[in-house]
Protein chains: 2
Amino acid sequence: MTSYRADITAVARAAGVSPATVSRVLNHPGLVSAPTRNRVEAAIRATGYIRNRAAQSMHGRRSATLGLVVPTVDYSIFAELVQSFNDAVAEHEFTLLLATHGYDLAAEYRVLRKLYEHRVDGIALIGLDHDADTFRLIASQDVPVVAAWAWAAESPLPCIGADNAEAGRVAARHLLDLGHRRIALVFPPSDKNDRARARLDAVQAALAAAGCAPPARWCARAPYDTSQAKAVCRDLLAGRDRPSALICGNDVIAQGAIAAATAQGLAIPGALSIMGIGDFPGSADTVPALSTVAIPARRIGARAGRHLVECLSGGPPAGILRERLPVELHRRGTTAPPGIA
Amino acid sequence: MTSYRADITAVARAAGVSPATVSRVLNHPGLVSAPTRNRVEAAIRATGYIRNRAAQSMHGRRSATLGLVVPTVDYSIFAELVQSFNDAVAEHEFTLLLATHGYDLAAEYRVLRKLYEHRVDGIALIGLDHDADTFRLIASQDVPVVAAWAWAAESPLPCIGADNAEAGRVAARHLLDLGHRRIALVFPPSDKNDRARARLDAVQAALAAAGCAPPARWCARAPYDTSQAKAVCRDLLAGRDRPSALICGNDVIAQGAIAAATAQGLAIPGALSIMGIGDFPGSADTVPALSTVAIPARRIGARAGRHLVECLSGGPPAGILRERLPVELHRRGTTAPPGIA
DNA sequence: AATAGCGTTGCAAATGTTTTCATCGCGGTT
DNA sequence: AACCGCGATGAAAACATTTGCAACGCTATT
């Protein structure tokens, strides 16, 4: 009842044993006889003892935390990944140390340092673009790390994710196959976002190969924010020289595009086809349902979590892991052949 | 370059000072003279030293972590709260220890214990319903805590949030004011979710007071999942005896309702009005835009973070804080007077 | 000239736990 | 009867850091 916080020696005193025995009950219960174990467990309950992971981790023991660094948890972009990563590692008694950097790679370095200060046992971060400082820090630390979300054949870090270039190609191909030639692009600033850059480059390459590279005025920039994307798309769709289809950097932008088109009285997909990338939760169930290229966020998160857990249980990090999870085209209600309005 | 991890004594050796001085440079730079400070800082960089928060926190010093316990980070329900909470505390050098329990209050107790094992400096959790064990644990720990999201006049824990009953009343009132009398409800199971329960009870009370308590077949249960909600709503709207309006437990369910109604060819809001609660990101920009009662998630998260930070800087916890943030009706495109189809 | 006071630094104790090593008692072997 | 091995437990060192206390070399005061 007192506000004094019991430590291991208090428990030991209460149970009439040594602190070592209490420690053993907690960590190697097999080493201590049943009667004393019961006595100790009773003492733990009676004193309200809660073990101190900080003191534990001072012995080179695990801190039982894993760091997860994402650009943002806003919107549902990374929500599924965070959740599935968490579920995967929580099973193994790990707790998540979560940090965000808002797409600022210098901030990413700082939060990463903080995670190392807390002696996380492993680290997952998003994507392959990072500061040189960040790479150096990771290399110096000897803590398992995995870059989730994106995949690249020559990634310097172990990576588990989708091939964003392919996602872009699939999106472009879909619209081209439907017969579109007047295709506009709405993507986020991609200088520090390898995922967006890979998608955009691939889309442009595919369109150029098909002989319909979009003019500059059809290459718009919008952040990952539905309302702002809506405003950008309104401008894009305002003129009379209008594209017949839009490829959006992700589903959040695509929702903004749908809103803008509807507000302008453009029928979807009759007068305008819209293509997202990501397949975020809800995208299948909006009206009209969004055509998109699915990035398997849940599988990526779960797989990344599992990978770290494996590394930490002496799993085989033979060579650096690079795992590509497939993207998948979902034809839904926002795409159709052009000009059937 | 070696994989040896420098500790404070290595830095001290490199700088030609004692470990105590290094510690002082890090924690009380004012106490050490400029020349030695520079020498030490150079040594820190040279050795790649990263301080060890675990060892630090053993001295009763802060762990610089705050625990945040949410039901889930899936969907965008709590995403804004997590993000704004994080932003608020990151400014003060705190890192987030995130745990989820999937609306299982026994699991909540377990993750809370884990957070205490890590010696978090403060804890935020969602809502006011918790196991008796959880309340006991919190009371015994002498760590500042705040219940975010929901507000209640007699909350045993400090709370910062919205009055969910009022949110329910506002939603019901809006539809009643529009002239609806045939109103159906789609809510999640509310036995362990005080927010949903408060909303549902208030809605039912308001409808009963207006003489149009919904029959049991119009009180549907759906989890917070658009697809599943869609299925539930399809059944609800299938019969010929159809409500003229729907109140949904939150916006995720409402999106499912919109999808179900559209799939059945019901015009919104002509043939069916739909009301959400929450105002999640994107709700304003779907088509049609969702009428909803906004819960100020960002403000709640930021305020909760700020409150903990204040408690930890000797702020004034004079009496237990109970702060109510206002809900707000957003009339948008999914509600209209009945029967104008 | 002796000393008081001050700023800077080092020493060593303390923090809570794990783990190695040693001890102890006990049943079974030779 | 002496001994060996074994299971269970305790004593103490180790982990990386912080901090109270003491000591040191100065300057300024009496």
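Chain identifiers are assigned alphabetically (A, B, ...) following the order of the sequence lines, protein sequences preceding nucleic acid strands; residue numbering begins at 1 within each chain.
A straight line from CD1 of B:I44 to P of D:dT17 spans 10 Å, rounded to a whole angstrom. Rounded to a whole Å, the CZ atom of A:R37 is 13 Å from the C1' atom of D:dG7. Summarising the geometry, the separation between CD on B:E117 and P on C:dT17 is reported as 11 Å, rounded to the nearest angstrom. The CG-P distance, from A:D7 to C:dA14, rounds to 14 Å in whole Å. In this entry the distance linking CZ of A:R61 with C1' of C:dG16 reads 14 Å, nearest Å. Taking atom CD1 on A:I50 and atom C1' on C:dT17, their separation rounds to 16 Å, with Å as the unit. Here C:dT18 presents its C1' atom at 11 Å from CG of A:L26, a figure rounded to the nearest Å. B:L31 places its CG atom 10 Å from the C1' atom of C:dG7, with the value rounded to the nearest Å.
When each of A:M58 and A:A20 is assigned the nucleotide of DNA chain C bearing its nearest heavy atom, the one mapping closer to the 5' terminus is A:M58. Annotation: of the two residues near DNA chain C, A:A55 and B:G30, the 5′-most nearest-nucleotide partner is B:G30. Between B:I8 and A:S33, the residue whose closest nucleotide on DNA chain D is further toward the 5' end is A:S33.
In this pair, A:H130 and A:F135 present their aromatic rings perpendicular. The plane angle is above 60°, beyond the 30 to 60° band.
A donor-acceptor pair shorter than 3.5 Å can be found between the side chains of B:D87 and B:Q83.
Regarding contacts with the backbone of D:dT18, a side-chain N or O of B:Q56 is found under 4.0 angstrom from either OP1 or OP2. Contact annotation: A:H28 does not reach the phosphate of C:dT18 (side-chain N/O to OP1 or OP2, under 4.0 Å). In this model, the phosphate group of D:dG10 is approached by a side-chain N or O of A:T21 to a distance below 4.0 Å at OP1 or OP2. Within the 4.0 Å cut-off from OP1 or OP2 of C:dT17, not a single side-chain nitrogen or oxygen of A:N52 is found. Within the structure, every side-chain polar atom (N or O) of A:R119 is placed at least 4.0 Å from both OP1 and OP2 of D:dA16.
Side-chain to base pairing of B:H59 with C:dG16: no donor and acceptor N or O lie closer than 3.5 Å to each other. For C:dG16, the base has no donor-acceptor partner in the side chain of A:R53 [N/O atoms by modelled type, under 3.5 angstrom]. Donor-acceptor pairing under 3.5 Å, judged by distance alone, is present between the side chain of A:R24 and the base of D:dG10.
Using a 4.0 Å cut-off between a side-chain N of Lys or Arg and a carboxylate O of Asp or Glu, A:R51 and A:D7 do not qualify as a salt bridge.
Here B:T36 lies in heavy-atom contact (under 4.0 Å) with sugar-phosphate atoms only. Backbone-only contact: A:V17 has heavy atoms under 4.0 Å from sugar-phosphate atoms and none from a base.
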Decide side chain to side chain contact (heavy atoms under 4.5 Å, CB included) for A:V89 and A:L308; before the verdict, give the C-alpha distance in whole Å, the side-chain angles of both, and the deciding distance to 0.1 Å.
CA-CA 8 Å; A:V89 305; A:L308 288 182; 5.7 Å; no

Passes side chain to side chain contact (heavy atoms under 4.5 Å, CB included), A:V40 versus A:V32? Steps please.
CA-CA 10 Å; A:V40 170; A:V32 32; 5.9 Å; no

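You'll find the side chain of A:I50 reaches within 4.5 Å of the side chain of B:R119, heavy atoms only.
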